[in-house]
> 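Pasting a structure here, questions to come.
Order of the sequence lines sets the chain letters (A, B, ...), proteins ahead of strands, with each chain counted from 1. Basis for what follows: all heavy atoms, side chains included, without hydrogens, waters or symmetry-related copies. Just so it is clear, the model here is predicted, and its values are computed rather than measured.
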Amino acid sequence: MSEVATKKEGLFGKKERKMLIDPLNDNNPITVQVLGICSALAVTTLVSKALVMTIAVIFVLAFANLIVSLLRKGIPKQIRMIVQLVVIATLVTVVELTLKAVDYPIWKELSVYIGLIITNCIVMGRLEAFAMANKPWQSFLDGVGNGLGYGIILILVATAREIFGKGSFMGFQIIGPSADYLIDTTTNPWFSWYMPNNVMVLPAAALFVIGIIIWIQRSRNPKLIDIS
Amino acid sequence: MGELFNIFLKSVFIENMVLAYFLGMCSFLAVSKSVKTAMGLGAAVVFVLTLTVPINWVINTYLLGPSGVFKTDLTFLRFILFIATIAASVQLVEMVVEKFSPALYSALGIFLPLITVNCAILGGALFMVAREYDFAEAATFGFGSGVGFALAIVVMAAIREKIRYSDVPAPLRGLGIAFILTGLIGMAFMSLMGINPANYMN
Amino acid sequence: MYSNKYVTIYTLVMTVIVSVLLALLFSGLKPIHDANEAVFKKRDILKAIEEYLPKPLDEMSDEEVLAMFEEQIEQQVLDAEGNVIEGIKADEIDLAKEEKKPVDERKYPVFIYNSDKGKLYLVAVRGNGLWDKIWGTIAFEEDFNTIAGVSFGHVGETPGLGAEITDNPAFPAQFKGKKIFEGDKYVSVSVVKGGVKDPEHQVDAITGATITSNGVTDMLKEGLEIYLPYFESQKKS
C-alpha cells in the first residue's frame, strides 16, 4: 500500500503539480514569458480552431520534450539545434498528416498555421530551457503544462472574438439577427440594439484582447508588472 | 509586372507578416525597444527572407513536387526540409557576411542566429506554397514580406521609445501596451487596403 | 565534444528513421486524404443548393454526399464554345488550372441536380477579388434565368470585410430569385452600394469591401456569359 503511495507521489508529487499549474498563470508562456505568440493568434477567430490548435501544440510540445529528454545524453552539441528542429518538424508533420485525415475542413482552415508550430518559440524555448536538462517524465509534464497555459490564452481570446464578432460560441449561435439564434435581435425587445461587431474578426482585435488579458492579470498579480 | 508590384505592396502593407498574421511576434516584441536594434533585425530579416523563400520554392517545386526529379509526392518532408534550408542559409549568410563585410556583420551579427526560429521566415516559405506562387512571385513576396516586417518593427520601436515617458497604467506598461499598440498600427495599415495597384495598371 | 564520425552517423541514422517513419505515415493516410478532399469539393458545390437538399449539408455524412453525387447529379463538361464534351466528368475540372490555358482550350463544368421541384443547373465561375482569386458556384432554375442559389469562396480577402462573401450567409442568400436576363438582354446580377434600385438584378454590397463586391459583379458578368450558348441550346431542346 505504502509502496503504491510513494510511487504515486513520484509521478504526481507537489513539484510535478506545480510544473503543470505554474504555466497556467504566474509563468504563462504568452502573457509572461512572451513566447509563441507568432503562429497562433490568427487562429483565434473561432473557438473550434483555437481548440484544435491547442491540442496540436500540447501534443507537439509534450512529445518533443519527452523525445529530446530521452535523447539528451547522446545529442552531439554541434548539431543540437538541428536535432531539436528535426524532432519538432517530424512531430508537426505527424500532426498535420493526422489532422488532414481526421478533419479535412479544419485542416484547410488552419492551413499554414499547423506548420508554423515548428517555429513556435515555446517549443524551442522549452526544449532548450527544460528538456535538455531534465528527466523524461518531468519534461513531458512541463510540455503539457506549457501547452495548456498557451491554450488557455488562445481559447480566452477566441471566445471573446467569436462571441462579440459572430454572436456564437463553438458554432452554437447565441445572439444575432435571425431566428436561428438563441436570442433573435430582430424580435427580442431587450437586444434590438445588438449588432455582431466585425472589428472583432479583424486581426487587430486579437492584439487588443491579449493586451486587456495582460492588464487584468497584472492588476491582480502586481509582481508581474514590467518596470521598464 | 503589375502583378508583381501588387504582390509586393500587398505583402508590405496589407498582408503584413506581423500586423496581419502575427508572425515573428516574439522577436518583434523583444527587439523593438530601440530604433537602432530594430533596424538591425529588420535588415537581417529582409536579407534572409529574400534568400530563403526562392530557395525553398526551388526545393518545393523540383525536389518535393510530383513533377520534380524524384517523380513522387514527397510533400511530407516539406517542413523538415524547409526548416533545414532556413537554418543552413542563416548559417551560410552569417559566414559569408563575416568574411566579406565585417562592418555589416557587426551590425547584423547578433540577430542572424535568432532568425532561424523567427516564425516570419518559415511563414514566408509556407505561404509561398499555399498561394501557389511562381518563382518571380515567390521572390517578390519574400522581399516584400521582409520589408513589411522591417517597417513594422521600426515603427513599433519608434513609438515605444516615446511611450516610455507617458503615463501608462502600471499593469499595462511594457508588454500590455505593446500588444495594444501593435493592434492600432495594424488597423491603421488596413486603411491602405482600398488601393489595388492592379486596377491602375490596365 | 563529439567526434565528427559520431556526428555524421548520428545525423544519418536520424534522417533515415525520420524519413521512413513519415513516409509510412504519409502513404498510409494518403487514400484518406484524397477521399476527404473529394468530399470537401463536393460539399462546396452542394452548398449553393443547400435548401433544395433533403437535409442540411452539416447533417449529411460523407457517404451520403458521395451517394447523392452518384445518383442525383448529372455531370457535363463544356468546351469554350459551350458544346458538351463526352468522356470527361465535371468534377475533374479545376477552373484554377483552366485559367492558365488559352481561352479557346478552356473547359467548364456543369452539374445538373435532379430535385423534386425540377432540375437545377450548377455552373462554376472564377474572378478577382481585392487581393486574390474569388470563385463561386451559381445554381439556375430550369428557365436558365432565375438564380436558385449561390456560394462563394476566396483565397485571401480581408477577414470581416471581403471575406464576408463566404463567411456571412446573408450575402449569398440575397442572390436567390434574381434574374440574369432583362427581357432577352443578358444583364447578369450586380452587387451595388447604397441600396438596391432594381430588385431583379441587384444585391447589396458588403460595407467596406467595395472592390471585392465589384469583383463579384465582374466575375458573374464575365463568368456566366461563357455559359450562355449552352443555356440557349438547352432551352431549345
Side-chain angles (χ1 to χ4, degrees), chain A residues 30-44 81-82 85-86 88-94 96-97 111-125 199 202-222 224-228, chain B residues 15-30 33 75-84 86-88 91 113 116-123 125-131 164 169-190:
Chain A
I30 292 187
T31 60
V32 182
Q33 300 176 43
V34 208
L35 292 177
I37 308 142
C38 328
S39 62
L41 290 191
V43 304
T44 54
M81 294 284 261
I82 296 282
L85 280 173
V86 169
I88 300 170
T90 310
L91 285 168
V92 171
T93 313
V94 170
E96 208 220 5
L97 292 175
S111 65
V112 300
Y113 290 99
I114 290 287
L116 286 171
I117 298 176
I118 297 172
T119 44
N120 189 323
C121 329
I122 297 179
V123 187
M124 271 305 254
V199 171
L202 300 180
L207 295 160
F208 297 147
V209 176
I210 295 194
I212 292 166
I213 292 175
I214 291 178
W215 192 356
I216 296 169
Q217 190 190 17
R218 293 190 180 182
S219 324
R220 292 164 52 112
N221 195 348
L224 297 176
I225 290 178
D226 213 329
I227 338 120
S228 66
Chain B
E15 299 188 334
N16 188 296
M17 279 289 179
V18 182
L19 302 172
Y21 292 109
F22 314 109
L23 300 182
M25 275 299 253
C26 305
S27 34
F28 176 78
L29 289 173
K33 283 179 182 146
T75 43
F76 57 92
L77 292 175
R78 187 184 287 150
F79 292 158
I80 295 179
L81 274 184
F82 276 12
I83 197 74
I86 290 168
Q91 201 101 68
T116 311
V117 285
N118 186 325
C119 332
I121 313 291
L122 184 63
L126 293 177
F127 275 124
M128 168 270 292
V129 175
R131 293 178 188 160
R164 207 166 298 151
L172 260 185
R173 248 172 238 163
L175 194 56
I177 198 74
F179 271 111
I180 292 177
L181 279 174
T182 315
L184 287 172
I185 304 172
M187 290 192 91
F189 268 55
M190 276 190 57

> From A:Leu116 CG over to B:Ile121 CD1, what is the distance, rounded to the nearest 0.5 angstrom?
11.5 Å
> Can you tell me how far the CD atom of B:Gln91 sits from the CE atom of A:Met81, to the nearest 0.5 Å?
9.5 Å
> Could you walk me through whether B:Leu77 and A:Thr93 pass the side chain to side chain contact (heavy atoms under 4.5 Å, CB included) check?
CA-CA 8 Å; B:Leu77 292 175; A:Thr93 313; over 6 Å; no
> Looking at B:Gly186, B:Ala88, B:Gly176, which has the largest count of heavy-atom pairs under 4.5 Å with chain A?
B:Gly176
> Looking at A:Ile82 and B:Ala87, what are the two nearest heavy atoms and their distance?
CD1-CB, 3.8 Å
> I need the A:Phe208 CZ to B:Leu181 CG distance, nearest 0.5 Å.
9.0 Å
> For the interface with chain B, which of A:Ile213, A:Val92, A:Val94, A:Val209 has the highest count of heavy-atom pairs at distances below 4.5 Å?
A:Val92
> If you look at every heavy atom in A:Arg218 and B:Pro171, which pair is closest and at what distance?
CD-O, 3.5 Å
> Got a second to check how far A:Ile118's CD1 is from B:Leu126's CG, nearest 0.5 Å?
7.0 Å
> Taking all non-hydrogen atoms of both residues into account, name the closest pair between A:Ala89 and B:Ile80 and its distance.
CB-CG1, 3.5 Å
> Where on B:Leu19 is there a heavy atom nearer than 4.5 Å to chain A: the side chain, the backbone, both, or neither?
backbone
> List the atom of A:Leu207, the atom of B:Phe179, and the distance in Å for their closest heavy-atom pair.
CB-O, 3.4 Å
> Could you state the interatomic distance from OG1 (A:Thr119) to CZ (B:Phe79), rounded to the nearest 0.5 Å?
10.0 Å
> Chain A: which of B:Val18, B:Leu172, B:Asn118 shares the most heavy-atom pairs with it under 4.5 Å?
B:Leu172
> Out of curiosity, B:Ile177 CD1 to A:Ile214 CD1, how far, rounded to the nearest 0.5 Å?
10.5 Å
> Pick from B:Thr182, B:Ile185, B:Leu122: which one has the most heavy-atom pairs with chain A under 4.5 Å?
B:Leu122
